[in-house]
Amino acid sequence: MTQQNGNDARGAASADRTTTDADPAAGPGGAGADSWRRVGDRSYVMRLPGFAMNVGLVLGDERAVLVDTGSGPLEAARILDAVREVTELPLTVVNTHAHADHFYGNAYFAAHGVEEFWAHAAAAASMRDDGERQRVLVRAADPAMAAGEGEHTGLHVPDRLVEEAPVDLDLGGHTVTLFHLGRGHTSGDLLVGSGKVLYAGDLVEEGAHPSFEDSYPYEWQKVLGKIIAIDELYTVIVPGHGDVVDPDFVRTQFHKLRQAIKTCSTAIHESSTDYTKAIPVLPYGPIQSRHLILRMKDTGPSRTHSIQR
């Protein structure tokens, strides 16, 4: 889940742009469906208000894949209405990770006929073990979901799991690949490849600082390096929040995180207690910087850790 810093206006402006950028002749983006933007072959994105979370849609000939479901039944209903304006294909849901704004809409989709829900095994475990605790985070977006009261406010955990091996989903005439490159933003980040498009979840963040609360910073930089290494396969990157980006943007995020890790490592090594002196020089906001340092202390090795180059 990203922390928005006055990005509502940016999100509204981007919503206007998606109407212009969409390709009416290629599926979503035509009359009555101007919230979808075509980003590649059979591949689309729609940004939700509130958390500015990106929902992905991939259309096959026989079924479609929906990437993430929003922060509760209110957003889920909006998503499903938008989907049904452009296709009646049966849906398969994929959750990129276990943060509330990406999977709290699952129960609504389950109640409306979706039977197949995919996630990484670690994400599914986190949803079961930690999902209830996140309700407070969606209080503004969906008060009923935050309170756990009303229809479709339960937590629906995926039972189709990806572990180490990639999984190909045949949609009929088009295949998407689900794969895990290691721990990063969370312990169970799942990527979705569709043609030249990569739905990256919150591993890639545009328009706001990355969120480090339950991240694995040392491993996250390695995952970004792996995404860069396959840039010939995926030239369009859909982040979990914000505008669609390219591999060069991921390179910038990688270098920024690598430098931040070096700075934090030095601060942690030089002071066993007051390591917060690194916060003002880090390339993130003070809250994100504090979380980064704490997670490095909790999850990372000593200063001798090998920094990815």
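FYI, side chains are in, hydrogens and waters are out, and symmetry mates aren't considered; it's all heavy atoms of this structure.
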Residues that [X] engages under side chain to side chain contact (heavy atoms under 4.5 Å, CB included), provided they are two or more places apart:
{"X": "Thr263", "value": "Gln259, Ala278, Val281, Leu282"}
{"X": "Ile228", "value": "Val250, Arg251, Phe254"}
{"X": "Pro283", "value": "Lys256, Ala260"}

TODO: Only one of Ile79, Val83, Leu57 passes side-chain contact (heavy atoms from CB on, under 4.5 Å) with Met46; say which it is.
DONE: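 Answer to the side-chain contact (heavy atoms from CB on, under 4.5 Å) test with Met46 among Ile79, Val83, Leu57: Ile79.
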TODO: Test Val55 against every option in Val45, Val67, Leu66 by the side-chain contact (heavy atoms from CB on, under 4.5 Å) rule and name the one that passes.
DONE: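 Of all the options given, the one that passes is Leu66.
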Main-chain N/O of [Y] paired with [X] side-chain donor or acceptor, under 3.5 Å:
{"X": "Ser187", "Y": "Arg183", "answer": "no"}
{"X": "Arg47", "Y": "Gly242", "answer": "yes"}
{"X": "Ser215", "Y": "Ser211", "answer": "no"}
{"X": "Asp189", "Y": "His185", "answer": "yes"}
{"X": "His209", "Y": "Gly285", "answer": "yes"}
{"X": "Gln288", "Y": "Pro210", "answer": "no"}
{"X": "Ser126", "Y": "Ala122", "answer": "no"}
{"X": "Tyr199", "Y": "Ser194", "answer": "no"}
{"X": "Gln253", "Y": "Leu203", "answer": "yes"}
{"X": "Asp130", "Y": "Met127", "answer": "no"}

TODO: Compute whether any side-chain donor of one residue and acceptor of the other, for Thr92 and Arg63, lie under 3.5 angstrom apart.
DONE: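 Side-chain D/A pair, Thr92 to Arg63: present.
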TODO: Tell me yes or no: between the side chains of His99 and Asp214, is some donor less than 3.5 Å from an acceptor?
DONE: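 Yes, because at least one side-chain N or O of His99 sits under 3.5 Å from a partner of the opposite role on Asp214.
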TODO: State whether the number of non-hydrogen atoms from other residues, nucleotides or ligands found under 6.0 Å of Arg84 atom CZ is greater than 12.
DONE: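 Yes, because the 6.0 Å sphere around CZ of Arg84 holds more than 12 heavy atoms from other groups.
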Open item on the list: What verdict does the side-chain contact (heavy atoms from CB on, under 4.5 Å) test give for His174 and Asp61, after you've listed the backbone C-alpha separation in whole Å, the side-chain angles of each residue and the deciding distance to 0.1 Å?
Closed with: CA-CA 7 Å; His174 190 74; Asp61 295 335; over 6 Å; no
Is there a path of hydrophobic side-chain contacts, each under 4.5 Å between heavy atoms of I, L, V, M, F, W or Y residues, that connects [X] with [Y]?
{"X": "Tyr44", "Y": "Val114", "value": "yes"}
{"X": "Val244", "Y": "Val176", "value": "yes"}
{"X": "Val138", "Y": "Leu74", "value": "no"}
{"X": "Tyr216", "Y": "Ile261", "value": "no"}

- [ ] Take His241 and Asp101 through the test side-chain contact (heavy atoms from CB on, under 4.5 Å) and record every step on the way to the result.
- [x] CA-CA 10 Å; His241 304 261; Asp101 51 331; 3.0 Å; yes
Task: Test ring-ring contact (aromatic ring centres under 6.0 Å, His included) applied to Tyr108 - qualifying residues, sequence neighbours left out - done: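 Scan of Tyr108 (ring-ring contact (aromatic ring centres under 6.0 Å, His included), adjacent residues dropped) gives His112, His152.
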Open item on the list: Are the side chains of Thr96 and Asp202 in contact, using a 4.5 Å heavy-atom criterion?
Closed with: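 Not touching, per the 4.5 Å side-chain cut-off.
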Task: CD-CG distance between Glu205 and Leu257, expressed to the nearest 0.5 angstrom - done: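 Spacing of CD (Glu205) from CG (Leu257) equals 12.5 Å.
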Compile the donor-acceptor pairs under 3.5 Å between side chains in residues 161-171 and protein atoms, sequence neighbours left out, one pair per line.
{"residue": "Asp168", "atom": "OD1", "partner": "Thr177", "partner atom": "OG1", "Å": "2.7"}
{"residue": "Asp170", "atom": "OD1", "partner": "Gly172", "partner atom": "N", "Å": "2.9"}

TODO: Could you list the residues that satisfy salt bridge (Lys or Arg N to Asp or Glu O under 4.0 Å) with Asp129, not counting sequence neighbours?
DONE: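 Salt bridge (Lys or Arg N to Asp or Glu O under 4.0 Å) list for Asp129, sorted by chain: empty.
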Task: Phe212 six-ring centre to Arg295 NZ/CZ under 6.0 Å and within 45° of normal - done: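 Verdict for Phe212: no cation-pi partner in Arg295.
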TODO: Check each of Thr69, Asp68, Asn95, Asn54 against His102 using the side chain to side chain donor-acceptor pair (under 3.5 Å) test, and report the only one that passes.
DONE: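 With His102 as partner, Thr69, Asp68, Asn95, Asn54 yield a single side chain to side chain donor-acceptor pair (under 3.5 Å), made by Asp68.
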Task: Phe109/Phe117 aromatic ring centres below 6.0 Å - done: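 Phe109 vs Phe117: aromatic centres not under 6.0 Å.
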